[in-house]
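Presented below is the structure to which this report refers.
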Amino acid sequence: MGIDDTPALGRGFEEDSGAVTAFLSRVEDELAALPPKAERDPDQRRAADTVTDAARLVRRRFVERHAGRVHAELTDGGRAPLGLHDLVDQATELWPGLVPTKAQRERERVLPQADKEGREVDLGIFTWGLLRDATAGEHLVESMRRPTPQAMVALPAFRATGFADLGVVTVRRVDGVSEVTLLNLPFLNAEDDIVVAALEVAVDLVLLDDATEVGVLRGGAMTHPRYAGRRVFGAGINLTRLYQGEISLLDFFLSRELGYINKIVRGLVTDRDGWLPEPVEKPWIAVVDTFAIGGGAQLLLVFDHVVAERGSYFTLPALREGIIPGAANLRLPGAAGPRLARQMIFRDRRVDAGTQEGWSLCDEVVDTDELAGRTTAAAVALADPAVLANRRMLRRVEEPESRFREYMAWYALEQARLLHSPDLVANLERTWITRHGGGKR
């Protein structure tokens with residue numbers, strides 16, 4: 001099977017659907033006849049690559065042509081506000097093979113990154129198709145901004161007590177300011193699937209809580225010997241989890257950008273209806289202790305005010321790791337200028353708070369004992385009732401929703417490809433060997 005065996009499309013949605021699912025079924029049969037990826041010889045790897053590439057071409061052509069119809073079928077013509085997880089699960093039933101099933105994703109999840117079949121690339125193609133379609137993409141982005149079920153369950157207790165313990169994240173409200181504290185202590189507040197899920201619930205709670213006027217994100221005090229007792233904002237992506245195959249395209253890369261980060265930027269979508277279609281949003285402050293590496297530095301680009309500890313610094317090592325630094329490619333050139341953006345993204349340039357370059361990523365640089373006071377002062381200023389309207393108007397100029405949606409479409413495709421590339425695996429192997437004294441896995 002190869003490119004010459006791919007079905008010709010263009011005969012209408014129903015006929016194309018049948019031809020595509022039949023072809024993808026044959027692909028699955030051919031892959032099932034091969035040993036697992038880790039056990040394949042060179043010829044078997046080439047055979048797998050041939051049928052996999054052919055299948056991806058068919059998926060891309062299908063969603064390129066029919067994404068709008070696919071989305072309409074899955075959402076009852078746009079009436080059901082389905083997020084990406086639900087869309088994927090339902091698509092596996094209507095068009096088998098178009099995206100990986102939940103069982104296939106779970107089987108891949110327990111494998112080291114090097115041994116995965118790379119089915120997440122198919123998910124990236126599917127997401128790309130939906131997001132690049134204006135109607136489907138707008139509906140999907142909006143649906144991803146709805147409150148999580150976990151937050152709705154936790155909300156009554158948070159409203160009553162002003163505190164929520166979400167494991168690796170806590171939320172505490174004091175005098176109208178709710179501080180989200182990241183506590184992934186073994187990994188210096190690096191993010192993984194679990195952290196992303198907890199942060200989204202925390203952001204939802206802050207936004208839904210009527211007694212909260214301003215949200216704050218800060219890292220907690222570490223137990224790591226090198227930073228014991230010191231707060232750390234964030235160490236980026238959890239490379240140990242990535243090496244072990246436990247960082248997913250859906251639950252980390254896509255849910256992070258379309259979920260909690262976009263909720264910080266644009267607020268929550270709820271069912272409330274009024275003459276002014278405004279989201280449920282709050283101003284946000286970031287407090288940077290020690291460093292904001294990778295994803296931590298990406299986050300600074302969406303906050304309304306950033307207070308940084310004197311001596312802290314920011315870096316974006318994603319390219320060195322073999323991936324794309326979230327939406328930093330979209331946001332950093334506007335914040336820091338195109339030259340510094342390229343230096344940070346392409347060369348992992350370190351930017352120190354308090355330097356000329358550092359001021360593009362933060363608003364204040366103060367001594368450690370001043371962080372709390374300056375955060376409180378910033379929160380008082382941001383609680384002004386006119387802030388939210390001005391925030392919405394700034395957003396329309398700085399990052400229109402259509403621009404964000406188009407970026408995320410290509411991000412889904414490119415990040416999926418990189419996530420399962422030989423270069424990423426080689427980078428992870430080198431990092432793992434360096435950190436663990438030459439040992440493997």
Side-chain angles (χ1 to χ4, degrees), residues 105-106 108-116 120 166-170 180-203 217-228 230-261 286 288-300 314-328 348 411 415-416 418-421 423-437 439-441:
R105 298 197 306 271
E106 288 176 350
E108 289 260 287
R109 192 178 184 87
V110 301
L111 297 174
Q113 197 66 23
D115 296 342
K116 294 180 188 291
E120 288 183 315
L166 306 173
V168 291
V169 174
T170 62
V180 177
T181 304
L182 182 53
L183 295 164
N184 193 14
L185 304 183
F187 299 101
L188 296 177
N189 282 342
E191 291 185 59
D192 52 32
D193 291 21
I194 294 172
V195 171
V196 165
L199 281 171
E200 183 162 12
V201 175
V203 169
L217 178 62
R218 190 175 186 183
M222 298 291 100
T223 56
H224 188 286
R226 186 174 177 183
Y227 297 96
R230 292 181 61 185
R231 287 179 178 259
V232 166
F233 187 72
I237 190 171
N238 189 326
L239 291 176
T240 297
R241 296 282 186 253
L242 182 59
Y243 178 81
Q244 294 169 340
E246 297 173 6
I247 300 283
S248 70
L249 179 72
L250 180 55
D251 293 317
F252 182 84
F253 291 103
L254 297 179
S255 291
R256 184 175 187 269
E257 301 299 332
L258 293 169
Y260 89 83
I261 295 180
V288 179
D289 297 91
T290 310
F291 53 67
I293 295 174
Q298 297 165 29
L299 284 172
L300 304 186
F314 325 115
T315 64
L316 284 172
L319 187 140
R320 175 163 50 83
E321 295 159 356
I323 55 178
I324 298 168
D348 188 19
Y411 173 79
Q415 194 73 290
L418 289 175
L419 191 58
H420 295 279
S421 67
D423 287 340
L424 176 82
V425 171
N427 287 339
L428 290 173
E429 290 283 354
R430 284 194 294 271
T431 300
W432 188 265
I433 290 170
T434 299
R435 289 184 177 182
H436 298 270
K440 278 201 171 188
R441 293 184 194 165

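The shown structure was predicted, so the numbers you read here are calculated from the model rather than taken from an experiment. All values below were derived from every heavy atom in this structure, side-chain atoms included, with hydrogens, water molecules and symmetry-related copies excluded.
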> Would you say the side chain of Leu185 lies within less than 4.5 Å of the side chain of His224, judging by non-hydrogen atoms?
Replying inline: no
>> Testing the basics here: between Val196 and Tyr260, what is the closest heavy-atom pair and its distance to 0.1 Å?
In response: O-CD2, 4.1 Å
>> Tell me every residue that passes ring pair (Phe, Tyr, Trp, His ring centres under 6.0 Å) with Phe252, counting only those two or more places apart in sequence or in another chain.
In response: none
> Is there any salt bridge (charged side-chain N to carboxylate O under 4.0 Å, His left out) pair reaching into residues 194-203, and which pairs are they, with sequence neighbours excluded?
Replying inline: Glu200-Lys263
> Looking only at heavy atoms, which two atoms of Leu166 and Ala198 are closest? And how far apart?
Replying inline: CD1-O, 3.6 Å
> Got a sec, which residues hit side-chain contact (heavy atoms from CB on, under 4.5 Å) with Leu319, two or more places apart in sequence or on another chain?
Replying inline: Phe346
> Between Ala297 and Ala292, which heavy-atom pair has the shortest distance, and what is it?
Replying inline: CB-O, 3.4 Å
>> Taking side-chain hydrogen bond (donor to acceptor under 3.5 Å, both in side chains) as the definition, give me every residue that meets it alongside Asp193, ordered by chain and number, with sequence neighbours left out.
In response: Arg109, Ser248
>> Within this structure, what is the OG1-CG distance for the pair Thr170 and Leu183, rounded to the nearest 0.5 Å?
In response: 5.0 Å
>> Regarding Arg218 and Asp289, does a basic nitrogen lie under 4.0 Å from an acidic carboxylate oxygen?
In response: yes
Can you list, pair by pair, the side-chain donor-acceptor contacts under 3.5 Å of residues 320-328, counting residues two or more places apart and other chains?
unit_1	atom_1	unit_2	atom_2	d
Arg320	NE	Asp348	OD2	3.3
Arg320	NH2	Asp348	OD2	2.7

> Rounded to the nearest 0.5 Å, what separation is found between the CG atom of Leu239 and the CG atom of Asp192?
Replying inline: 11.0 Å
> Atom CD1 in Ile194, atom CD in Glu191: separation rounded to 0.5 Å?
Replying inline: 12.5 Å
> Do Leu299 and Leu217 have side chains that get closer than 4.5 Å, going by heavy atoms?
Replying inline: yes
>> Restricting to side-chain hydrogen bond (donor to acceptor under 3.5 Å, both in side chains), what partner residues turn up for Arg231, sequence neighbours left out?
In response: none
> If only atom types and distance count, is the side chain of Lys116 paired as donor or acceptor with the main-chain N or O of Leu111 below 3.5 Å?
Replying inline: yes
> Just by distance, do the side chain of Arg256 and the backbone of Gly295 share a donor-acceptor pair under 3.5 Å?
Replying inline: yes
> Listed by chain and number, what are the salt bridge (Lys or Arg N to Asp or Glu O under 4.0 Å) partners of Glu246, not counting sequence neighbours?
Replying inline: Arg241
>> Would Val169 and Val180 count as a side-chain contact (heavy atoms from CB on, under 4.5 Å) here? Give the steps.
In response: CA-CA 7 Å; Val169 174; Val180 177; 3.5 Å; yes
> Can you name the side-chain hydrogen bond (donor to acceptor under 3.5 Å, both in side chains) partners of Glu257, sequence neighbours left out?
Replying inline: none
> In chain order, what residues pass the side-chain hydrogen bond (donor to acceptor under 3.5 Å, both in side chains) check against Asn184, with sequence neighbours excluded?
Replying inline: none
> In chain order, what residues pass the side-chain contact (heavy atoms from CB on, under 4.5 Å) check against Ala286, with sequence neighbours excluded?
Replying inline: Phe233, Leu300, Phe303, Val306
> Does Glu120 use its side chain to pair, donor to acceptor, with the backbone of Leu249 at less than 3.5 Å?
Replying inline: yes
>> Has Asn189 got a side-chain atom pairing as donor or acceptor with Val232's backbone, closer than 3.5 angstrom?
In response: yes
> Sequence neighbours excluded, which residues qualify as ring pair (Phe, Tyr, Trp, His ring centres under 6.0 Å) partners of Phe187?
Replying inline: none
> Rounded to the nearest 0.5 Å, how far does OG1 of Thr290 lie from CE of Met222?
Replying inline: 8.5 Å
> Taking only residues two or more places apart in sequence or in another chain, which ones pass side-chain contact (heavy atoms from CB on, under 4.5 Å) with Ser421?
Replying inline: Asp423, Leu424
> Can you find a pair of side-chain heavy atoms, one from Leu419 and one from Leu242, that are under 4.5 Å apart?
Replying inline: yes
> For Gly219 and Thr181, which heavy atoms make the closest approach, and how far apart are they?
Replying inline: C-CG2, 4.2 Å
